[in-house]
Each structure stands twice: as C-alpha cells, then as structure tokens.
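Since this is a predicted model, take the numbers as computed values, not measurements. In each ligand, atom 1 is the first atom listed, and ligand 1 is the first ligand listed.
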Amino acid sequence: MSAATPTAPEGAYAAVHTASLADRNGFWLKAAAAIDWDVAPTRAFDAEQGVYGRWFPDARLNVCRNAVDRHAEGGRADQAAIIHDSPVTGTKRRITYGELRDEVAVLAGILADLGVTKGDRVVIYMPMVPEALFGMLACARIGAIHSVVFGGFAANELAARIEDAAPKVVLAASCGIEPARVVAYKPLLDAAIARSTHKPDACLILQRPQGEAGLVEGRDRDWAETVARARRAGRRAEPVPVAATDPLYILYTSGTTGRPKGVVRDSGGYCVALAWSMANLYGVAPGEVYFCASDIGWVVGHSYIVYAPLLHGCTTVLYEGKPVGTPDAGAFWRVVAEHGGATLFTAPTALRAIKKEDPRAEKIAGHDLSRFRALFLAGERADPDSVAWAERALDRPVIDHWWQTETGWAIAGNPLGLERLPVKYGSTAKPMPGYDLHVLDESGKPVPPGTMGTIALKLPLPPGCLPTLWGSDERFRQSYLATFPGFYDTSDAGVVDEDGYVTVLGRTDDIINVAGHRLSTGGMEAVLAAHPDVAECAVIGIRDALKGEAPCGFVVLKAGVAKDPETVERELVARVREEIGPVAAFKLALTVGRLPKTRSGKILRGTMKRIADGEDYAMPPTIEDPATLEEIGDSLKARGIGG
Ligand code: COA
Ligand code: AMP
C-alpha cells in the first residue's frame, strides 16, 4: 500500500463501542465537541422526549453554518468544497468554501423571499449538479426541511412525496442526463403537481442546455435569472439557529406497502454522528478529498456526498456519471486520481459492473492512486468475489458496511480510522458506537452466535438515526418498534458470529435491492394489480449477476381476456416504468395459469424465488396444488431463468 491507513492500537474499537453503550451521555457529549453550537448541549440523550427519546434536547445549532460558513471563515475559503465532475456533460467545476457560502446565502435569501421559513418543506428533484447541494444547504440555512427525490422515480412517486411533505417550494432542473438519453424532469414535475392535491407556491427551475423546459406562468421561476436578480439586490440570508431536535430533512424510502415512508432526520444528532464517522470509520482528515459515487437522492448521498464531508471540512466529489460507459470502466479510478481522493464509497453493484467490463483491472493502470487509501461498499450485500477482486486490483482495504435510510450512517462497519479490524468476507464487521445489536428469533429471544435471526437494535438508537416518520409517530411505532418491544426492528435477517462480526443476509419483508436501490415488491404488485386484465399477481426479487436482484412479476389474467399474454406482459412492464420509474428495472412479467398458494391462500413467494434462483426447495406441506410450482418453473425456464 502506498498510503498508510491510520491505525490505533488493537482493542481501540472494543473500548470505544463499550464506552458508547456504558456511558451514552459522556461518549456523545465528547463527540459533540466536533460541532459548533449556538447553544452547546448539556445533556446528550433525553429518554422522555419523542417516541423513544431525543438527542441533544437542549442544544441549538445551524447545520449549514457548520458545513459551510465555519470553514469559509476558518481558513478554508479557497479550498474546494465541491468538485463537480460530470462526464455526461463533459464539464468540471470547482467550488470553494468561500464560493459555496455565497451561493448558499443567496439561494437561502431567495427561498425566504418565496415565503419559506423555519419548518417549511422544500422538495428537491434534481440530478447530480452543484445547485442541488446549494438547495439542500440553503434549506438548512434557514431551518427549512428539504426532501430530495431521486431522479429515476416517475411522476407518481414524486406526487406521493409532494402530497406527504406538502412543500411550499420545489427546486428542480429541466433535465437529468443518462448516458443514453436526456431525461426531461420538468414534465414529470408538472405531472406530479397535477396529480397531487397539495400544490407548491413556487418552483425554481434550473435550465440545463441539454434540454430546456417550458415554465408555468405564475408558478415557475428561472433559477439563473432569479439568482442574478437576488445578487444585484444584495439579497442573502444568514444561518438561523434551530433546535438540535428540529428536522433537517425528510427522505422517503420504500416501505412494505406502496406508500413511501418519510424518514425524518434531526439536525444535531446527525451532525455529531457524521462527524464521528468521518474521522473514525472512514479515517479521513479535514482538507482531504472524499469521493462518494452514490446519488443525492439516496441516504448515502445525503450523508456522504453532502453533509459529512462538508461538516468535516473535506472536499466532496459530486460525480455525474456511471461506473461504466462514461466513458469506460476506468471512470472511478480516473476521478480518484484526478482529484486526489482519499477514499471511494460505492455500491457492490457498481464494482460488479466494473469487474465485468474490466476483469483484469487494466483500467487502473496509468492512474495515480497514491493518495487513495480505502474503498468502502454499502447498499447491498457485498459478494466475496467482488471484494477479493477489488482488494487484489487496488491493493487497498475494501470495507463493507451496513446501512439503512433510517439510520443515516453505518450500523456496522470496520472503523479504519480507529482500528483496522481483520476483514471477513461476507461480513460487515462490527456494530458502530451506540448500536446495541442483537439477533432475535421470532419470539424476540436472542439466538446463540452463528444462528440466523432478525437483527434488532436495542433502544435507544444512536444519534443520526430517525426519531420518527414524517407526520406519523404511530406508523413509526408500528413499522419499527412493535415487533420486538424495546428494540428497533431492522427488517434485515442476519448472523453475529463468535467474534461479534455481523453478516446481513437479506430483508425479512417485501423489500428488494436492485442495483443498490431499495424497492418495494408490494408497490410493484399494486401497479400490476391495477391493470384491467390482471386477476392477481406476485412480484419477487430474483438473483441478478449485475444488479444483485431484479424484480420479476407473475400475473394471472382475468377469465375471458382476449389479448394475447405477451401484449399484457409488455403493457405491465411499461406501466411499472411509467408509475414507479425506470429505476425499478422491472423488465420481466410472466403470465401463469395460477399462483402457487398455501391452502390458506398465502402466495408462496419464498419458494418461487428459490426456483427462480435455481436453488433446491422442499415442496411446502401446506401447498394447495404442487402443479402450480411446476408451472412457475416452466415459465421461468422458457425465459432461460432458474435451471
Ligand atoms: N434519472 C433518471 N433515470 C435514471 C436515473 C436518474 N437519476 N438513474 C437511473 N435511471 C434510469 C437508467 O437510465 C435506467 O433506465 P433504462 O431502463 O432506460 O436503461 C434505469 O433507471 C436503471 O438504471 P441503473 O440502476 O443505473 O441501471 P443501469 O443498467 O443503467 O446501470 C449500474 C447499472 C450497475 C451501472 C448502475 O445501477 C449503478 O451505477 N449502480 C450503482 C448504484 C448506487 O451507487 N447506489 C447507491 C446506493 S448506496
Ligand atoms: P437503503 O435504505 O436504501 O439504504 O437500503 C437499506 C437496505 O439495504 C438494508 O436494510 C439492507 O437490506 C441493504 N444493505 C445495505 N447495506 C448493506 C450491506 N453492506 N450488506 C447487506 N445488505 C445491505
């Protein structure tokens, strides 16, 4: 290895994790020193507030001041805060902390003039452009709550989020750019607003030269013109201190029904947890370059493209491109080398895409990776083959860590900055501080080491994790706290071994993970079921060599449908794309005569999945008719799936 990973003495991790649970207040108050508070916390946790307690109940801060102003004023004014590297547009832009403060202050002033005040919501529907970050930080500056919606979602999904968050203003771009096409965002936004009963007062539209959009009179404003006018008028807004417990953002994620869950992130606890993680988990120092190749529409993007690197005074790389095809499988290595990245954070699916195109890792050659220390993976299970391939190719630690939108930062990982624990392939290493992790059986009893169960986190959750769901403490309780009283149910199955290493095996609910994107099969079933020719349906996630999982829908047509099944199948594929979005990657709908069910009418999705994945399966004793499973196998075989 050409650049040393900072290490601490053996046992450092264990001491830290033990201290974080034994003296919760002492541990997190000490970590809170990394943040500039308007009113410093005197207590870390208050068990009496909120659903299960709240972090830093008596403290006040401004997140934008911490992420931007204090660096601009503290000697980093000329350091790059953001490097926008966009192979899809052929542009690069470097924005210093000084410039970032200026951009954000002006935009915050514009939001304030549009009537946005503390606690108001702002939806952001934008691609990977710096203005999206300006928007997020401008909200934080005036205490408004942003809700970023991933660009790969269709109008319907955007409408559901607008309906729930009820934003005063929407920030959007005219288009996003995918390697093969320009995605017009504005028509999707218009359709979403038309569908939603809530209407925003105003939309600020960033016109991109690749595809300009028509503006709706009275509602839409041109971003560049509005900013220019505000600058001429000297309009700026200064940071507004908020309670540490005030929401910073809402991020919607797939739930077990079609209705997305609005994960709420608070302000103070989030900053403290992220600051801790930058130094201790990622081993990155202020001033270094941090490259997270996710998307700002996902939690990883919120935390590690935007907030954590900026809170820590790093330079964040905002990469508008793909791991392959923009232009080739060397893209990530080019970015790391060109900008001097200390770490890279991506999803295993991206690594598999790179490995597939460049199996001998020849594209690494010629790139100066001397400042690069480690590769971090998250979002889905990291397959040992890909981890081993990357270790060999890069000669650096490859660290898998486990996350959820709900937690905001890693639940388990290998804290490189604290102590580099030995890597065990397939495992996400050990719980991070504050996570009191247990594996429980169905009755809520702990299982012995090495035994599979549901991973549950003993309450309270550490700072940074969700305190509730937007507008619904009750849904939060029902979704996460009801199954195992006193615990947060992760809905992930897993194992902890004798050494305390955590292995995450997959979801216990209907959520599937497609190319690192979290999707609800229930949501897709709702779309299929709404087709007039469909009597019933089931969607399962089947193994996919590149994307980890891919959705596959089985449908039974209503009696008397005259259309040929292939036509209906094509219509169903188009409907899911139209209703949920291209990101669902729903490409396979198969008509069958009947769905396999138990005698009590439960669809045997688990067995269907085993057949599709080519695994052995036992005939469920409660099956109504074994021939239905054979039919599933035959229809998959006809498409070359299963075996
Ligand atoms: N806006 C609009 N459309 C988008 C989009 C966006 N921001 N992101 C993806 N899409 C579209 C794609 O164009 C594609 O559409 P298509 O069906 O017309 O081809 C579809 O959604 C699926 O996209 P994607 O998941 O990117 O699949 P892909 O086959 O194009 O690429 C990978 C495969 C592996 C390269 C890609 O999935 C990838 O980079 N994954 C990493 C994901 C990641 O970092 N996740 C982070 C979670 S921590
Ligand atoms: P999301 O909320 O989109 O971040 O998705 C969270 C889900 O992704 C988790 O509940 C896991 O099922 C899965 N996941 C995330 N990271 C990992 C990982 N490192 N290993 C296994 N599964 C993971």
Side-chain angles (χ1 to χ4, degrees), residues 88 125-128 149-154 173 175-185 188 251-255 261 263 292-305 319-326 329 331-332 345-357 376-383 387 399-413 426-429 455 466 489-494 502-509 511-519 544-550 573 576-577 580-587:
V88 292
Y125 186 55
M126 297 182 79
M128 294 281 283
V149 180
F150 178 62
F153 281 125
C175 65
I177 297 145
E178 286 292 288
R181 66 200 157 101
V182 171
V183 183
Y185 278 25
L188 299 175
L251 181 56
Y252 288 89
T253 189
S254 301
K261 288 171 172 165
V263 168
C292 172
S294 179
D295 188 287
I296 51 154
W298 307 118
V299 65
V300 168
H302 277 65
S303 294
Y304 290 100
I305 294 174
Y319 175 69
E320 191 181 16
K322 300 273 175 179
V324 293
T326 56
F332 281 2
F345 181 165
T346 189
T349 188
L351 207 56
R352 288 195 295 271
I354 295 169
K355 184 173 71 153
K356 190 169 163 220
E357 290 214 354
F376 288 87
L377 300 174
E380 53 170 329
R381 185 174 167 272
D383 54 289
V387 174
I399 303 299
D400 182 15
H401 56 331
W402 170 46
W403 272 70
Q404 297 188 330
T405 302
E406 288 83 349
T407 63
W409 64 296
I411 306 166
S427 165
T428 60
I455 310 180
L466 82 172
D489 177 3
T490 66
S491 293
D492 271 315
V502 181
T503 296
V504 181
L505 296 165
R507 299 282 305 196
T508 58
D509 54 15
I511 284 171
I512 57 170
N513 203 311
V514 181
H517 308 319
R518 171 170 161 176
L519 296 158
D544 183 272
L546 176 65
K547 299 196 172 189
E549 277 184 303
V573 167
V576 175
R577 190 178 173 92
I580 297 178
V583 68
F586 183 84
K587 304 250 156 91

Tell me whether [X] reaches ligand 1 (any heavy atom closer than 4.0 angstrom to a ligand atom).
X	result
Pro323	yes
Pro127	no
Tyr185	yes
Ala293	yes
Arg181	yes
Thr349	yes

Ligand 1 N/O within reach of Lys547 N/O, cut-off under 3.5 Å: yes
Trp298 N/O to ligand 1 N/O under 3.5 Å: no
Identify, for [atom], the protein heavy atom at the shortest distance, and state residue, atom and that distance.
atom	answer
atom 3 (O) of ligand 2	Arg518 CB, 3.2 Å
atom 1 (P) of ligand 2	Thr405 OG1, 3.4 Å
atom 16 (N) of ligand 2	Gly379 N, 3.1 Å
atom 26 (O) of ligand 1	Lys322 NZ, 2.9 Å
atom 18 (C) of ligand 2	Glu380 O, 3.2 Å
atom 6 (C) of ligand 2	Trp403 O, 3.4 Å

Ring geometry between Tyr304 and Trp403 (parallel below 30°, tilted from 30 to 60°, perpendicular above 60°): perpendicular
Parallel, tilted or perpendicular: ring planes of His517 versus Phe150, cut at 30 and 60 degrees: tilted
Option whose closest heavy atom lies nearest to [atom], chosen from [options]:
atom	options	answer
atom 11 (C) of ligand 2	Asp509, Val263, Leu251, Asp492	Asp492
atom 16 (P) of ligand 1	Met126, Arg577, Lys356	Arg577
atom 25 (O) of ligand 1	Glu380, Glu320, His517	His517

Among Leu466, Val299, Val149, side-chain contact (heavy atoms from CB on, under 4.5 Å) partner for Leu251: Val299
I need the atoms of ligand 1 closer than 4.0 Å to a non-hydrogen atom of [X], numbered in the order shown.
X	answer
Gly516	47 (C)
Val300	48 (S)
Lys587	17 (O)

Ser294 and Tyr319 side chains, donor-acceptor separation under 3.5 Å: no
Any donor-acceptor pair under 3.5 Å from Glu549 side chain to Ile512 backbone: no
